[in-house]
Amino acid sequence: MSASVQLDLFETSEIRLEVPYRLNQKDWKPTFPPFAKARKRVETLFSQMVDQFMLCRNYAKQQVGLFARIISKVSALTILQYINFINNKPIGRVKYALV
């Protein structure tokens, strides 16, 4: 994120946006471990939705249909995670939850 976008967010909404630096950037510091773990989890979920639930290919004709399809796919992912949770399996392995 550019500094101007971060400044605009803070001035308009008082949102302090922190973006982790890359290894080759000047002010690089190690990422706070709980943030890194949460970010990895979110990125994994997005990847699963795109790959396994074909979130990008939805063929919706109207905005309401798009929202309904996205909600149904997010709900399906949540149910599969819960099935894994109650069966003491890793919740991230939704592809094999019903096996």
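- Interatomic distance, Leu9 CG to Leu17 CG, rounded to the nearest 0.5 Å: 6.0 Å.
- To the nearest 0.5 angstrom, Ile83 atom CD1 is 11.0 Å from Thr78 atom OG1.
- Hydrophobic clustering (side-chain heavy atoms under 4.5 Å, transitive across Ile, Leu, Val, Met, Phe, Trp, Tyr) groups Leu77 together with Leu66.
- Here Leu23 pairs with Trp28 under the side chain to side chain contact (heavy atoms under 4.5 Å, CB included) rule; sequence neighbours left out.
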Please lay out, stage by stage, how Arg39 and Glu43 fare under the test side chain to side chain contact (heavy atoms under 4.5 Å, CB included). CA-CA 6 Å; Arg39 180 179 177 155; Glu43 288 181 1; 2.9 Å; yes

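- Between Ala60 and Gly65, the shortest heavy-atom distance links the atoms CB-C, 3.9 Å.
- Across all non-hydrogen atoms, the minimal contact from Val94 to Ile91 is CG1-O, 3.5 Å.
- Of the inter-residue distances, the one linking Gln81 atom CD with Gln48 atom CD reads 7.0 Å to the nearest 0.5 angstrom.
- Heavy-atom neighbours of Arg93 CZ from other residues, nucleotides or ligands within 6.0 Å: at or below the threshold of 12.
- Under the 4.5 Å side-chain contact rule for hydrophobic residues, Phe85 and Leu80 do not share a cluster.
- One hydrophobic cluster, built from ILVMFWY side chains closer than 4.5 Å, cannot hold both Val50 and Leu45; they sit in different ones.
- To the nearest 0.5 Å, atom CD1 of residue Ile70 and atom CE of residue Met49 are 9.5 Å apart.
- Not one N or O on the side chain of Asn84 forms a donor-acceptor pair closer than 3.5 Å with the backbone of Lys89.
- Distance check, rounded to the nearest 0.5 Å: CG of Asn87 to OH of Tyr82 gives 10.0 Å.
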Apply side chain to side chain contact (heavy atoms under 4.5 Å, CB included) to residues Ser47 and Asp51 and explain how you reach the verdict. CA-CA 6 Å; Ser47 175; Asp51 291 342; 3.6 Å; yes

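- Atoms CE and OH, on Met54 and Tyr59 in that order, are 8.5 Å from each other to the nearest 0.5 Å.
- Atom CD of Gln63 is surrounded by 12 or fewer heavy atoms from other residues, nucleotides or ligands within 6.0 Å.
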